[in-house]
Amino acid sequence: MKYIVGNWKSNQNLTQSFLWLDDLIALKPKITPDKKVILCLPFTDIATFNQKLNESGLPIEVAAQNVSHMAPGKHTGEINAQMLSELVSYCIVGHHERRADFAETSDVVATKASFLLENSITPIICLDKPYLDQQIKSLFTQGVEVSKCIFVYEPASAIGTGNSIDPKDANHVAHQISFLTDYLSPVLYGGSVSPDNIKSYMDEPNISGVLVGTDSLNPTLFADIINAT
Ligand code: PGA
């Protein structure tokens, strides 16, 4: 299975998301059964966008970009895993931007992954070299079943910069992640993935897919990435 995961980040209100979907439908991307296309949306888009997506028949799954590290209760403004469980089957956790902007730690990320799995949602866990060992150790310490997670190697230098890294280097780190997680989970690459470079990552033996930020906001580029996979 090859994974193509789009991450819209804090972009696209519902109106904009509908226009995006109309454009993507018109482009007729080739989503064969060996490709899993997952679109990580803002919370505010998920439910309504998913209805429209189902009507379109496009085999794309909606997902979330974050989840609370707290159980349901008195936590104003938090969206917990139980709430998400009725809406999505996947959720990103530990994205570099959340670590940098919201001071998320490896332990918090492991707690989020644990809540997601308790609610039958697959965590898509982002990793970078400076905290790769620490994050994986924290997952094991908190009893997170790594075989039920998807991992993404996302070097900070490549996120949103246009400076994607050498596919061989990405493959090397993807192998390291596989080794540390007993070769049980898919490992993806993320960081300035585009229609021009997608194939070079997909050709690497330890990379099972990609996480796409910037180019997932453009339906034409996203369809090109799907078709080139
Ligand atoms: P990018 O973002 O494709 O814009 O580099 C990737 C990500 O942060 O998920």
Side-chain angles (χ1 to χ4, degrees), residues 1-9 36-43 46 50 60-72 75 78-156 159 173-174 176-191 206-213 216:
M1 181 62 72
K2 294 290 183 191
Y3 293 84
I4 302 131
V5 184
N7 175 16
W8 280 2
K9 309 190 180 185
K36 182 160 282 293
V37 181
I38 301 169
L39 201 52
C40 302
L41 305 174
F43 291 133
I46 291 174
N50 198 29
I60 294 179
E61 292 206 40
V62 296
Q65 302 170 10
N66 184 33
V67 66
S68 178
H69 62 292
M70 292 171 162
H75 311 298
E78 288 293 272
I79 306 283
N80 64 55
Q82 194 186 74
M83 295 165 174
L84 285 180
S85 67
E86 292 183 326
L87 299 170
V88 301
S89 302
Y90 299 88
C91 177
I92 296 175
V93 283
H95 191 281
H96 165 74
E97 287 152 11
R98 294 210 58 86
R99 286 181 173 265
D101 299 342
F102 302 96
E104 277 189 13
T105 63
S106 295
D107 286 345
V108 164
V109 172
T111 303
K112 291 182 175 197
S114 184
F115 273 125
L116 289 171
L117 287 172
E118 272 174 31
N119 287 277
S120 305
I121 300 171
T122 303
I124 301 173
I125 303 173
C126 298
L127 297 169
D128 191 7
K129 280 191 206 164
Y131 48 81
L132 195 150
D133 289 318
Q134 181 201 58
Q135 179 63 80
I136 292 174
K137 190 167 167 233
S138 181
L139 294 173
F140 280 113
T141 306
Q142 294 199 33
V144 173
E145 281 185 80
V146 292
S147 63
K148 295 187 172 162
C149 300
I150 295 172
F151 292 94
V152 191
Y153 170 44
E154 281 218 313
I159 297 176
V173 179
Q176 198 183 343
I177 295 169
S178 291
F179 172 75
L180 292 170
T181 54
D182 302 329
Y183 298 96
L184 293 170
S185 318
V187 182
L188 321 184
Y189 166 76
N206 296 296
I207 297 178
S208 302
V210 286
L211 179 55
V212 187
S216 73

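Index from 1, following the sequence.
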Rounded to the nearest 0.5 Å, how far apart are [atom1] of [X] and [atom2] of [Y]?
| X | Y | atom1 | atom2 | answer |
| --- | --- | --- | --- | --- |
| Ile92 | Ile125 | CD1 | CD1 | 11.5 Å |
| Arg98 | Glu104 | CZ | CD | 4.5 Å |
| Leu41 | Asn50 | CG | CG | 8.5 Å |
| Ile38 | Leu188 | CD1 | CG | 8.0 Å |
| Lys112 | Asp107 | NZ | CG | 12.5 Å |
| Ser120 | Leu84 | OG | CG | 12.5 Å |

Practice item. Output all residues satisfying side chain to side chain donor-acceptor pair (under 3.5 Å) with Asp133, sequence neighbours left out; order by chain, then residue number. Key: none

Revision key, fill the gap. Hits for side chain to side chain donor-acceptor pair (under 3.5 Å) against Gln82, two or more places apart or cross-chain, chain-then-number order -> none

Point to revise | Of Val173, Ile136, Val152, the residue whose pairing with Leu127 passes side chain to side chain contact (heavy atoms under 4.5 Å, CB included) | key: Ile136

What residues, two or more places apart in sequence or in another chain, satisfy side chain to side chain contact (heavy atoms under 4.5 Å, CB included) together with [X]?
| X | result |
| --- | --- |
| Asp128 | Pro130, Tyr131, Tyr153, Pro155, Ala156 |
| Ala81 | Val67, Phe115, Leu116, Asn119 |
| Ile159 | Lys9, His95, His96, Glu97, Glu154 |
| Tyr183 | His175, Ser178, Phe179 |

Nearest heavy-atom neighbours spanning [X] and [Y]:
| X | Y | answer |
| --- | --- | --- |
| Arg99 | Gln135 | NH2-OE1, 2.6 Å |
| Val144 | Ala113 | CG1-CB, 4.2 Å |
| Cys149 | Pro186 | O-CD, 3.7 Å |
| Val146 | Ser185 | O-OG, 2.6 Å |
| Gly6 | Ser216 | CA-CB, 3.8 Å |
| Leu117 | Pro123 | CD2-CD, 3.5 Å |

Check whether any side-chain heavy atom of [X] lies under 4.5 Å from a side-chain heavy atom of [Y], and answer yes or no.
| X | Y | answer |
| --- | --- | --- |
| Cys40 | Val5 | yes |
| His75 | Ser68 | no |
| Leu132 | Leu180 | yes |
| Lys36 | Tyr90 | yes |

Exercise for review: Show your working on side-chain hydrogen bond (donor to acceptor under 3.5 Å, both in side chains) between Gln134 and Ser106 and close with a plain yes or no.
Suggested key: CA-CA 7 Å; Gln134 181 201 58; Ser106 295; 2.7 Å; yes

